[in-house]
Amino acid sequence: MRGGKPNNFFTRVWDTTRQIPRGRVATYGMIASIVSTSRAARQVGWALHAMDKLPPQDIRTIPWHRVINSKGYISTTCQEHTANEQADLLQKEGIEVRRRNNLWWVDLQKYLWHPKRLDAQR
DNA sequence: CAGTTGACAGCAG
DNA sequence: ACTGCTGCCAACT
């Protein structure tokens with residue numbers, strides 16, 4: 001984002017998010033362990049929020065809605081891309097999204113993405 | 001350079 | 001099992 005800096009972390013998060021297959025979901029922690037350490041989960045959410053600064057045509061290539069928290073809940077607080085929108089996008093991919101504790105919930109046992117290899121994407 | 005922020009996770013009470 | 005507190009780490013100010 002910022003001018004000359006590579007911003008490897010953000011770029012890797014976006015890149016990894018693109019790897020999530022349609023009809024599957026991944027957790028922030030998973031993305032974090034792929035691009036950095038499993039402890040950088042919060043930064044993954046931050047990176048996805050920062051995605052809003054990208055041009056629309058780029059945002060369109062990033063399935064941000066397939067990233068949810070480790071408990072299976074949709075936890076976005078983003079105003080541009082709301083939880084309702086996220087739930088809607090997931091349902092359109094055939095993923096069951098149900099109401100639970102007044103939040104949207106996805107069964108990870110059923111829809112979690114199992115990447116072949118967790119190696120960092122270069 | 002130091003303090004703050006945040007779309008998480010895991011553990012403690 | 002459920003709720004709240006704390007650690008994490010990159011980016012921001």
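Every chain is numbered from 1, with letters handed out A, B, ... down the list of sequences.
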Atom [atom1] of [X] to atom [atom2] of [N]: distance rounded to whole Å?
X	N	atom1	atom2	value
F10(A)	dA7(B)	CZ	C1'	12 Å
L112(A)	dA9(B)	CG	P	11 Å
R12(A)	dA10(C)	CZ	P	11 Å
Q43(A)	dC8(C)	CD	C1'	6 Å
W46(A)	dG7(C)	CH2	C1'	16 Å
I31(A)	dA7(B)	CD1	P	17 Å
I34(A)	dC9(C)	CD1	C1'	18 Å
I68(A)	dA9(B)	CD1	P	9 Å

Cationic tip of R98(A) above W104(A) ring, under 6.0 Å, 45° of axis: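 No.
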Note, DNA chain B 5' to 3' with Watson-Crick or G-U pairs under 3.5 Å encoded as ( ), [ ], | and . gives .|||||.||||||
Any salt bridge linking R24(A) with E93(A)? Criterion: basic side-chain nitrogen under 4.0 Å from a carboxylate oxygen.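 Result for this pair is no, no salt bridge flagged.
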Is it the case that the side chains of R66(A) and T17(A) hold a donor-acceptor pair, with the cut-off being a distance below 3.5 Å and no angle test?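 Their side chains do not contain a donor-acceptor pair, so the 3.5 Å distance test is not met.
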Under a plain distance cut-off of 3.5 Å, with no hydrogens placed, do Y28(A) and Q43(A) share a side-chain donor-acceptor pair?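 Note: Q43(A) and Y28(A) side chains miss the donor-acceptor criterion.
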Give the minimum heavy-atom separation between Q86(A) and H65(A), together with the two atoms involved.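 Closest heavy-atom pair between Q86(A) and H65(A): NE2-O, 3.0 Å.
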Measure across A47(A) and F10(A) and return the closest heavy-atom pair with its distance rounded to 0.1 Å.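 Heavy atoms of A47(A) and F10(A) come nearest at CB-CD1, 3.5 Å.
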What parts of residues 74-83 of chain A reach DNA chain B, counting only heavy atoms under 4.0 Å away?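 Heavy-atom cutoff 4.0 Å gives S75(A), T76(A), T77(A), C78(A).
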With a 4.0 Å cut-off on heavy atoms, is S38(A) in touch with a base, just the backbone sugar-phosphate, or nothing at all?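 Since no nucleic acid heavy atom lies under 4.0 Å of S38(A), the category is nothing.
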Position toward the 5' end of DNA chain B (nearest nucleotide), L48(A) or R39(A):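 Upstream on the strand: L48(A).
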Base, backbone or nothing for each nucleotide of nucleotides 1-6 of chain C, written B, S, -, heavy atoms under 4.0 angstrom, 5' to 3'? ------
Not counting sequence neighbours, which residues clear side-chain contact (heavy atoms from CB on, under 4.5 Å) with S38(A)? List them please.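 S38(A) satisfies side-chain contact (heavy atoms from CB on, under 4.5 Å) with S33(A) only.
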Restricting to salt bridge (Lys or Arg N to Asp or Glu O under 4.0 Å), what partner residues turn up for D88(A), sequence neighbours left out?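 D88(A) satisfies salt bridge (Lys or Arg N to Asp or Glu O under 4.0 Å) with K92(A) once adjacent residues are dropped.
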Below 3.5 Å, can you tabulate the donor-acceptor pairs from side chains in residues 74-81 of chain A to any protein atom, sequence neighbours excluded?
| unit_1 | atom_1 | unit_2 | atom_2 | d |
| --- | --- | --- | --- | --- |
| T76(A) | OG1 | C78(A) | N | 3.0 |
| T76(A) | OG1 | H81(A) | O | 3.4 |
| H81(A) | ND1 | D52(A) | OD1 | 2.9 |

Would you check if the side chain of D107(A) reaches a backbone N or O of Q109(A) as a donor-acceptor pair within less than 3.5 Å?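 Looks like yes, one N/O pair under 3.5 Å.
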Looking at R99(A) and N102(A), would you say the former's side chain and the latter's main chain have a donor-acceptor pair under 3.5 Å?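 Yes, because the side chain of R99(A) sits within donor-acceptor range (under 3.5 Å) of the backbone of N102(A).
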OP1, OP2 of dC8(B) versus side-chain N and O of S70(A): anything below 4.0 Å?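 S70(A) to dC8(B) OP1/OP2: no side-chain N or O under 4.0 Å.
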